[in-house]
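Quick notes on the structure that follows.
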Amino acid sequence: MAEACVLSESTDGVLRLTLNRPDKLNALNRQTLTELHAAFDRARTDSSARVVVITGAGSKAFIAGADISELAGLTPVEALEFSRFGQALMTRIERLGKPVIAAVNGFALGGGMELAMACHLRVASATSKWGQPEITLGVPPGFGGTQRLARLAGRAVALDLCLTGRTIDAERALALGIVHSVHSPDQLGAAVDVLAAQLAASAPHALRGILDAILIGSEGGLDVGLDYESSAFAVCVSTGDMREGTSAFLERRKPAFTGC
């Protein structure tokens, strides 16, 4: 039986997924993609998992791209299916309905950058490197890189990184809005833990409402986005968590959200 490519651990409402191919710099092969699909499918229905953190094993790489040894033998039909399989994973992550944090501890290249961009928050090591180098292999990005990078950082940045294949450091990624925060390698884990704990203690319905309004509502124009927002607001007003939150505020105490 093949060794698991994705390790999982759940504590205090935080599901931690670790890409476990350090000898291959955590490159995305088909087995890894399949295991990630399954992991995020379980996370979607697991009420105890309020936040997901994903990172790479070892100190060198978050994910250094797709597994080139698999890519090299693909036919055009197989390549189309492989691209769509990867894109479906990225959409599954983005549309999970729960916050997903990418703890980027090294190279985030190609499929690694694409996966990180599908996450809702990206917390990076100061030594991390970012890029879409697929052009050097004679192909464009295939897991959504052209689309999410343009939406995150603008068309000019997407054209620059995708056409040249150059890599950028964490500070440049931060300045471009690709990364949310940068930390020294020895402080990355602690910074991610603080952020994950904060989100895990928040009201799940409100978190989902924010994610849907921003990620889905904003794609359809202002009127559609406003409708998503008001619908999410109305749903959350009917929850026990809303009553707990308002009561806690009036009573000057910390709320205890249960997801009800």
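Note that the numbering runs from 1 along the sequence shown for the chain. Only heavy atoms go into these numbers, but all of them, side chains included; no hydrogens, no water, no symmetry mates.
Under a hydrophobic clustering in which Ile, Leu, Val, Met, Phe, Trp and Tyr are joined whenever their side-chain heavy atoms come within less than 4.5 Å, directly or via other members, V100 and V6 fall into the same cluster. Both L96 and L33 belong to a single network of hydrophobic side chains, linked directly or stepwise wherever heavy atoms of I, L, V, M, F, W or Y lie under 4.5 Å apart. When the side chains of ILVMFWY residues are joined at heavy-atom separations under 4.5 Å, either directly or via intervening members, M90 and L152 end up in a single hydrophobic cluster. Following chains of ILVMFWY side-chain contacts shorter than 4.5 Å, one cannot reach L121 starting from V179, and the two form parts of different hydrophobic clusters. Linking Ile, Leu, Val, Met, Phe, Trp and Tyr whenever their side-chain heavy atoms come within less than 4.5 Å leaves L188 and M113 in two separate clusters.
The shortest side-chain heavy-atom distance between P140 and E134 does not fall under the 4.5 Å cut-off. Looking at L161 and I168, their side chains come closer than 4.5 Å, going by heavy atoms from C-beta outward.
Taken to the nearest 0.5 Å, the CG atom of L89 stands 11.0 Å off from the CG atom of D41. Atom CD of E70 is separated from atom OG1 of T32 by 8.0 Å, given to the nearest 0.5 angstrom. With rounding to the nearest 0.5 angstrom, the CD atom of E35 is 8.5 Å from the CG atom of L7. To the nearest 0.5 Å, atom CG of residue L17 and atom CZ of residue R42 are 8.5 Å apart.
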Show me the donor-acceptor pairs within less than 3.5 Å that the side chains of residues 224-241 make with the rest of the protein, sequence neighbours left out.
residue : atom : partner : partner atom : Å
S230    : OG   : L226    : O            : 3.2
S230    : OG   : D227    : O            : 3.1
S231    : OG   : D227    : O            : 2.9
S238    : OG   : V235    : O            : 2.6
T239    : OG1  : C236    : O            : 2.6
T239    : OG1  : M242    : N            : 3.2
D241    : OD1  : T258    : N            : 2.9
D241    : OD1  : G259    : N            : 3.4
D241    : OD2  : G259    : N            : 2.9

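Inspection of the D67 and S69 side chains reveals an N or O donor paired with an N or O acceptor under 3.5 Å. Checking S125 against N105 by side-chain atom types alone, no donor-acceptor pair falls below 3.5 Å.
Residue pairs meeting the ring-ring contact (aromatic ring centres under 6.0 Å, His included) criterion with at least one member in residues 33-88, sequence neighbours excluded: H37-F85, F82-F143. The stretch residues 185-226 participates, sequence neighbours left out, in no ring-ring contact (aromatic ring centres under 6.0 Å, His included) pair at all.
With respect to E219 and R151, a salt bridge is recorded, a charged nitrogen being found less than 4.0 Å from a carboxylate O. A salt bridge between R16 and D193 is present, with a side-chain N of the basic residue lying under 4.0 Å from a carboxylate O of the acidic one. D169 has no carboxylate O lying under 4.0 Å from a charged side-chain N of R172, or vice versa, which leaves the two without a salt bridge. Salt-bridge formation is detected for the pair R253/E244: a Lys NZ or Arg NE/NH1/NH2 atom is positioned less than 4.0 Å from an Asp or Glu carboxylate oxygen.
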For this session: Could you walk me through whether I101 and H120 pass the side-chain contact (heavy atoms from CB on, under 4.5 Å) test, one step at a time?
Result: CA-CA 6 Å; I101 304 169; H120 306 119; over 6 Å; no
Problem set entry | Test log, rule side-chain contact (heavy atoms from CB on, under 4.5 Å), inputs L199 and R50 | CA-CA 8 Å; L199 293 172; R50 295 193 182 187; over 6 Å; no
For this session: Give the C-alpha distance, both sets of side-chain angles, the deciding distance and a yes or no for side-chain contact (heavy atoms from CB on, under 4.5 Å) between L28 and L19.
Result: CA-CA 9 Å; L28 296 173; L19 277 293; 4.3 Å; yes
Exercise. Stepwise, does the salt bridge (Lys or Arg N to Asp or Glu O under 4.0 Å) test hold for R21 with E3?
Worked result: CA-CA 10 Å; R21 302 185 75 211; E3 184 178 0; over 6 Å; no
For this session: Assess whether side-chain contact (heavy atoms from CB on, under 4.5 Å) is satisfied between L115 and I93, documenting all intermediate values.
Result: CA-CA 8 Å; L115 190 147; I93 293 171; 4.0 Å; yes
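Looking at S83, its side chain does come within 3.5 Å of a backbone N or O of G142 through a donor-acceptor pair. Side-chain atoms of T55 come within 3.5 Å of backbone atoms of A103 as a donor-acceptor pair (strictly under, hydrogens ignored). With E94 contributing its side chain and T91 its backbone, the two residues share no donor-acceptor pair below 3.5 Å. With hydrogens and angles ignored, the 3.5 Å screen pairs no side-chain donor or acceptor of S128 with any backbone N or O of A124.
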